[in-house]
Amino acid sequence: MTAGYAGKILRLDLTNQTSSIIETKDYEQYGGGHGIGSALFWDLCADKLPFDAFDPQNVVTVMASPLSGTMVPAGGSRTEVQGIGAQGYPTQWFCRSNFGGRFSGELKFAGWDGIAIEGKAENPVWINIIDDKVTFEDASSLWGTDTWATQQKIWDMVAAGKGALGDWLQTDTKLSSGRTTQKPAVLCCGPAGEAMLKELGALIHDAGYAAGQGGFGAVWGSKNLKAISVVGTGSVAIADPNALIEARLWSYNFCPAYGEPGKGFYGMAPGGNDFGAAKPIPTATSQNVGCMNCNRICHGPRTADGIGNESHCGVPLWYSYGGSPEESLLAADIVQKYGANYYPMNTAFKWLIALNEMGILGKGMQIDTELPLDLLLSGDSKFVTAYIEHLIAGKDIGLDLKDGNVSAADKWGRIEDLNSGLLSHSYWGWPEHGYDARCQVEWGYGSILGERDINEHEISFGFYLPLIFNWFFGGVPITAGECADIWSEKLVPYQGDPMMINFATDNIYSEHMVKLVAWHRHYSRFYKQGLGFCDMSWPNIVNVNAPDNIGISPEGESKFYNAVTGNNLSFADGMEIGRKIWNIDNAIWTLQGRHRDMVYMADYEYESGRGGWGAYNPFGTFYPLPTYEDGTWDFRDVAGRNIDRAKFDDFKTLYYGFEGWDVNSGWPTRATLEELDLQNVADLLEAKGKLGGA
Amino acid sequence: MTENKKTNDISRREFLKDAGLLVGGTAIGSITLLGACTEKEVVVTQTVTDMATTTVTGPATTVTSPPVTTTSPPVTVTFPPTTVTIKEDFSQTPPAKAYLVVDSGKCGGCQTCMLACSLVHEGRENTKLSRIQVIQDSYGHYPDDRKTYQCRQCVFPACVAACPTGACNVDTANGNIRTIDESKCIGCQRCVAACPYTPSRVIWNFETLKAQKCDLCANTPYWNEEGGVNGKQACVEICPQKAIQLTREQPSQVKDFGYEVLLR
């Protein structure tokens, strides 16, 4: 067994309440996380596709990586969740989400590289994993309980008879029995998931780590699976311990001094997020927390009054409709406890307000509702509770909204709102994340060529965030041309082409942008969603905290991976594995019915320009990106432009051709699949009449 | 064997936070474990007849360890005849020359210190084998939501006092660090139970069946750095929050006052 891996994957059959073992060595070629998850999904159920998210045939994988439970900075603490997600509309694609915290580490310490969940339990269950001992437990007393209470109850149940929480807790009575001071790591769904709210049902771990997007909480709810708890006391083998700790210390050369203002926003910086609710330096009332083995400590703080604990990024900020900051934090707690994804609520609330102002939605209006919109308009967090409860109960307009916002628009005959951007769900029915597809096109293209709003910030962090946080802290330390030079050197295996980061309008449909999108998809699939390198830190290309602004990528990824596993993987080798995983994903979508004719964004991306209704953009309408125009590089504002339909269609042809896929259908081809040693994938596609022809 | 010249009776009383252990015996010859008790105190009574190191061979012994926690059952172990070296007089135990201090309120809860500790000492990653422990509660109120528990290198080391074999000892060659010679450890867990703090700062390595404790990185076979009181400590070096520090000034021994400091 290769170092870094636990060696086995837990296979849970909920229908028959049995568990078995899958040998990890058969899947090591896919790296970990997303790669192994996709390969497992393919092997366990791809031949049965298509089916929907709530079909018991749906297999949900919960994967760690070889880096989980090791001291790789911002690496491996993510747990990747995959399966047919409930959130997409009208098609529920095979999709992904992930979450941080300590679950993946504990899973590895328990001796598991991941979990594959199959079937559906007859009654609610939770899974209790203590090292290699796995039991199915009755969850009837937990069903209906919020995510925080659920986890605390499970902590007590697991600890019962084994010791006191906070002391050394023994897993058994033998001298050789494992011991731990750590609380079980629990992943669970809340009432939103139990009610199978397709867009809102999230999975929550600890207070504020969430697999929010994808609707996997709803999938767990459909499977009568309330929670998985894991306690691990074993070890993760490391091929070269000295190289690993030295690499970690080396990575600190790419960080500013602890707490240095203005430099902690992105990349390798310790102390985390300078903006929002997260503070790098402890205050009298709060201090950030970090995922296991992370150097950034960027997750939301725990607070003196316990309100808003661990909520991160937009979660403690999104509910800002005129209420107090405390109402915003209370709203964060509400969504965490219900296990509810806030993003669709954010777009929904803006949409509801607009419809109300238009005299369409409200008490006695065309879309009649008793929902207390006055509470929403005053920023009272009680509206969030009322809204979620309406959806759970399926009452009032909650009956229409429980399957998602776009589904409700369809029912209400208001698809025009999706076309105008009043309802800003850009891709496959998913809400946009605030990164404008028309400006930052690699985000938009990657999303629509995939299955979801990608929520991958590496290009954003590389370009415009240095610019923005220097607005706050003075001076732009790097020019767009210097940015282009650094990116050009680091975009292995396509290095040497600075036009890959030229976001000028005349370049965003070019073969250069094709290469950037392909690089982005392959990198994310292997390094980020596969090995668990965190989106908040990796890749680290331009780094204003490092000498000459040159970041730790791509050297860092390989250095850490090889120190842990003992393999000799080059960065380009990893990118090739990413390409392989991307091909498996496309094969799954193909079996679900994907065709290039379906691959288009919501109409507003082509027509409305930035600044339309419902657009969530924390930076307003200003969207500076590096462009090369009139012979010079500069950060220029590209906000306000639209995607050109015909040119984007041509772009798809270029892209499919670059990936070696059928340009007419977008389906994988045998030649490409066999080049990637995926003959079995080609065979099944061919048997199903879905193999691309050229 | 050195001839005994004098007798020195020592009686010490330490109050414990959790499970206690009543230990009585003599420093030379057989050591008797009188048994577990529920008292929250430990009484170490020792008759020392020689300050010098003494080597003896003890008989095969069967002992029943006290519960490690208040709810775990006792464990019975039979040890073969063992040759051990008896340690020096506690009253003459020199204090350690360096100590770890922490700022729990600054800690980010990432457990990287724990991962670093197990990596450099054991060559593998296991937070449960770490000699420093971070315990946190996602639902707690700051700053009571997190706490870093490091070995205090106690002036009076109850772990050393409890060790029947001299495995747990004061390493005078390495700045008087309270450490464990695992080659001498017979796995009785008495040092684990004797630590008066919760959780015990002496770690039970359930993989090797030996006790281990913080040695300020004096012995890190998997890290090519000089550790100990004059060197580097993995947890100090690795903490991204700089919430762990080495000090050469002896901290106050009363509760946490000396060991929990502001590092901001």
A side-chain contact here means heavy atoms from C-beta on lying under 4.5 Å apart; do [X] and [Y] qualify?
X      : Y      : value
B:F206 : A:T233 : yes
A:K183 : B:I135 : yes
B:T112 : A:N295 : no
B:C110 : A:N293 : no
A:M292 : B:M114 : no
B:L119 : A:I238 : yes
A:L249 : B:E237 : yes

From [atom1] ([X]) to [atom2] ([Y]), nearest 0.5 Å:
X      : Y      : atom1 : atom2 : value
A:T285 : B:H141 : OG1   : NE2   : 12.5 Å
B:S138 : A:W148 : OG    : CH2   : 9.0 Å
B:C107 : A:I297 : SG    : CD1   : 7.5 Å
B:Q111 : A:C291 : CD    : SG    : 11.0 Å
B:L115 : A:R248 : CG    : CZ    : 8.5 Å

When you measure from the side chain of [X] to the backbone of [Y], do you find a donor-acceptor pair of N or O atoms at a distance under 3.5 Å?
X      : Y      : value
A:N288 : B:G108 : no
A:Y252 : B:I238 : yes
B:Y139 : A:D206 : yes
B:W204 : A:L175 : yes
B:N126 : A:G234 : yes

By side-chain hydrogen bond (donor to acceptor under 3.5 Å, both in side chains), A:T2 pairs with (sequence neighbours left out) A:E28
So, using side-chain hydrogen bond (donor to acceptor under 3.5 Å, both in side chains) as the criterion, who are the partners of A:T181 when residues are at least two apart?
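Result, side-chain hydrogen bond (donor to acceptor under 3.5 Å, both in side chains) vs A:T181: B:Q133.
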Who wins among B:G109, B:S118, B:P143, B:G140 for the most heavy-atom pairs under 4.5 Å with chain A?
B:G140
With respect to chain A, which residue among B:L129, B:V120, B:D137, B:D103 yields the maximal number of heavy-atom pairs within a distance under 4.5 Å?
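Most heavy-atom pairs within the cutoff with chain A belong to B:D137.
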Full working for side-chain contact (heavy atoms from CB on, under 4.5 Å) between A:Q287 and B:D145:
CA-CA 10 Å; A:Q287 160 67 331; B:D145 62 309; over 6 Å; no
Going by atom types only, do A:R302 and B:Q136 share a side-chain donor-acceptor pair under 3.5 Å?
yes
Name the member of A:T303, A:T180, A:V564 that forms the most heavy-atom pairs with chain B at distances under 4.5 Å.
A:T303
Contact leader toward chain B among A:S177, A:P241, A:A237, where contacts are heavy-atom pairs under 4.5 Å:
A:P241
Set out, in order, the CA-CA distance, both residues' side-chain angles and the distance that settles side-chain contact (heavy atoms from CB on, under 4.5 Å) for B:I203 and A:W168, then state yes or no.
CA-CA 9 Å; B:I203 308 304; A:W168 287 102; 3.4 Å; yes
Does anything in residues 104-112 of chain A get under 4.5 Å of chain B by heavy atoms, and if so which residues?
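Hits under 4.5 Å: A:E106, A:F109.
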How would you list all residue pairs meeting side chain to side chain donor-acceptor pair (under 3.5 Å) that involve residues 220-234 of chain B, not counting sequence neighbours?
A:E246-B:W223
Criterion side-chain contact (heavy atoms from CB on, under 4.5 Å) against A:S235, the qualifying member of B:K128, B:E125, B:E122, B:R124:
B:R124
If you compare all heavy atoms of A:C294 against all heavy atoms of B:P240, which two are closest, and at what distance to 0.1 Å?
O-CG, 3.9 Å
Chain B contact via A:S176 - which portion, at a heavy-atom distance below 4.5 Å:
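Both backbone and side chain of A:S176 come within 4.5 Å of chain B.
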